[in-house]
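Working notes for the structure below.
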Amino acid sequence: MEKSLEAIAASAGVAIGPVCLWVGMETELNKTKITADGIEHEKQRYRDAVLACCQQVQQVVDAAGPEEAAIMEAHLAILEDPLLEQLVFERIEALENAEHAVYLAGEAVAEQFEATGDELTMERAADVRDEALRLREQLHGGPARPGLSVGEPCVILAKDLPPSFTAVMDREKVLGFATELGGRTSHTAIMARTMDIPAVVGVRGLMEAAEEGAVAIVDGGAGTVVLNPGAGTLATARVKRQALTRRKAQLARLRRLPAETKDGAVVELMANIGLERECGYALEQGAEGVGLFRTEYLYMQGGDFPSEERQFAAYRYAARQMAGHPVVVRTLDIGGDKALPYHSYPPEQNPALGLRAIRFCLQHPGIFKTQLRAILRASAFGELRIMVPMVVSLEELGATRELLAACMAELRAEGRDFNEQIMVGIMVETPASVVLAERLAQKADFFSIGTNDLAQYLLAADRGNEWVQPLYSHFHPAVVAGLRQVVQAGHAAGIRVTLCGEMAGDPRAVPLLLGLGLDKLSMNASTLPSVKQMVRALRGQDARALADEALAAATTAEVEALLDRFMRTHGPAEDETLA
């Protein structure tokens with residue numbers, strides 16, 4: 001009997017095929033006590049296992065594409081993490097054998113990540129457990145680890161799929177997959193998007209309802225899994241799959257064409273990245289630069305704050321990869337709801353309004369200066385720019401410039417090269433920065449609007465709270481008015497304005513954004529072709545007329561109705577909802 005399950009859309013596309021159930025594997029724990037004489041032996045077993053596992057992961061990195069490689073490099077960092085080793089050795093010294101020590105240490109680190117409450121940080125717990133399992137397998141004496149080996153093309157259904165397994169999937173055989181666990185920002189979901197494999201995650205009751213060999217449809221765009229589909233459902237899915245195939249081919253042809261409206265207005269489309277290795281994928285998708293380098297991912301890879309050299313290497317790599325295109329490096333946006341497991345924070349009643357981003361950096365000038373020095377040194381190798389998040393005052397921007405000047409003086413004294421004229425801009429993502437936009441524009445070299453936080457702060461609606469989700473919308477009249485105010489203030493001061501929130505990657509929002517006067521849009525690289533298609537279908541005068549109507553709208557529903565009507569009359573020929 002046909003059964004439809006709804007969950008989280010992780011990677012667009014439609015997969016149709018027989019079900020292959022994957023139940024995973026758990027190495028026997030092999031929990032034993034050792035004697036004091038065996039401590040050094042167990043420590044050496046652990047070191048040998050780490051070396052072997054690093055070699056396994058490095059092979060995947062060497063053969064992977066840029067975004068997959070970036071994810072697996074994060075797994076390498078876990079294996080090489082001195083904090084993990086310290087915890088393992090402490091357990092061994094408590095007379096646990098290496099296998100059990102790895103299990104206990106891995107759980108301790110994973111639980112630290114989960115305790116932060118931040119979705120992106122919590123996803124790291126799955127990566128830690130994945131590599132802890134790899135280490136235990138190696139210590140257990142088994143083979144490295146089996147990949148997802150399947151004989152015929154099929155749809156994989158699983159409780160969960162570790163990123164390290166996803167990385168070695170046979171793309172010819174795995175048509176798509178669905179899992180009970182995971183979220184859209186999990187590394188498994190990210191790798192599915194990179195590998196262009198349809199995927200749905202967070203499907204409750206999936207394994208209980210699934211049956212080996214039965215037909216399943218995984219619609220990664222709609223976020224649905226249909227088990228034992230009827231003839232009509234199958235026919236509809238096949239039509240949609242064909243339409244998606246045509247659309248992908250069309251979008252691929254747009255990648256090297258300019259993002260230019262029908263009446264000649266050029267819009268810069270840039271990519272948001274979290275790790276330096278994502279630059280290659282961004283360029284493949286047609287990015288004209290990096291509009292947002294989220295540097296907090298560098299801080300989440302190890303057991304301590306990354307050194308100046310580690311950061312310098314990452315920023316230099318990005319600068320070189322983008323080959324003259326701008327790379328906007330957002331300074332550390334950590335703290336509050338994005339805590340680091342190795343740093344202690346004061347208890348906060350409301351973390352979203354607490355010690356985070358530039359507030360954290362200015363209270364920890366040593367940490368901040370390490371990052372600023374690394375960015376400055378890397379600026380000698382490309383067009384790097386500095387962007388300060390969560391600014392609410394001129395004093396914060398002024399204090400940042402003072403620290404930057406101190407770093408420049410140090411580097412000059414050391415004889416190091418850097419860009420003396422490096423641009424310093426701010427993220428406009430607080431109500432205060434909107435209200436002060438005219439004054440801030442006199443001191444900043446550019447603006448970049450972060451609509452994810454701006455919308456939540458303007459509307460006093462937590463974007464992660466399901467009870468107030470109906471209130472949270474980028475299309476609320478207050479958000480639209482705020483965008484216009486910031487753009488006008490920036491242009492009056494002669495600086496350019498970018499938008500780098502999720503709104504930038506929504507093709508439906510593009511006409512409104514261009515009509516409001518945004519100069520650049522920065523988004524997840526995978527959405528660049530769709531946004532470019534929308535830009536090339538527009539006329540500037542039509543977009544401006546739409547923006548005027550949206551500014552006059554009284555409700556979110558009115559704004560969305562305007563956008564839907566505009567898409568029907570002015571949008572691309574291909575149905576955007578199929579993406």
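Fair warning: this is a prediction, and the values are worked out from it, not measured in the lab.
- Between Phe368 and His364, the gap from one ring centroid to the other reaches at least 6.0 Å.
- Applying the ring-ring contact (aromatic ring centres under 6.0 Å, His included) test to every pair with at least one member in residues 196-221, sequence neighbours left out, gives no pairs at all.
- The shortest side-chain heavy-atom distance between Arg330 and Glu296 falls under the 4.5 Å cut-off.
- The environment of CD in Glu93 is crowded: more than 12 heavy-atom neighbours from other residues, nucleotides or ligands sit within 6.0 Å.
- Applying the side-chain hydrogen bond (donor to acceptor under 3.5 Å, both in side chains) criterion to Glu180, with sequence neighbours excluded, gives Lys159.
- Checking each of Thr179, Leu161, Asp160, Leu157 against Trp22 for a side-chain contact (heavy atoms from CB on, under 4.5 Å) leaves exactly one that passes, namely Leu161.
- Side-chain contact check for Tyr317 versus Phe381: every heavy-atom pair is 4.5 Å or farther apart.
- Remark: of the listed residues Arg310, Arg320, Arg294, Arg310 is the sole one forming a salt bridge (Lys or Arg N to Asp or Glu O under 4.0 Å) with Glu276.
- The SG atom of Cys53 sits 7.0 Å away from the CD atom of Glu131 when rounded to the nearest 0.5 Å.
- Among all heavy-atom pairs drawn from Ile334 and Phe360, the shortest one is O-CB, 3.8 Å.
- Under the 3.5 Å distance criterion, with hydrogens and angles disregarded, no donor-acceptor pair is assigned to the side chains of Asp37 and Thr35.
- Residues Leu206 and Ala178 come closest through the heavy atom pair CD2-O, 3.5 Å.
- Listed by chain and number, the residues in a ring-ring contact (aromatic ring centres under 6.0 Å, His included) with Tyr299 amount to none (sequence neighbours excluded).
- Among residue pairs with one or both ends in residues 204-225, those qualifying as side chain to side chain donor-acceptor pair (under 3.5 Å) are Asp219-Lys240; sequence neighbours excluded.
- A ring-centre distance under 6.0 Å is found for Phe293 and Tyr315.
- Side-chain contact check for Thr32 and Asn97: at least one donor-acceptor pair (N or O, by modelled atom type) lies under 3.5 Å.
- By the ring-ring contact (aromatic ring centres under 6.0 Å, His included) test, Phe305 is found to be paired with Tyr342, His343, residues two or more places apart in sequence or in another chain being considered.
- Checked by atom type, the side-chain pair Asn452/Gln456 shows no donor-acceptor distance below 3.5 Å.
- Across Val14 and Ala237, no two heavy atoms sit closer than the pair CG1-O, 3.9 Å.
- Note that CD1 of Ile386 and CD of Gln371 are 8.5 Å apart. Values are rounded to the nearest 0.5 Å.
- Remark: Val226 pairs with Glu2, Ser4, Ile217, Pro229, Thr233 by the side-chain contact (heavy atoms from CB on, under 4.5 Å) rule, at least two apart or across chains.
- You'll find the side chain of Glu429 reaches within 4.5 Å of the side chain of Met390, heavy atoms only.
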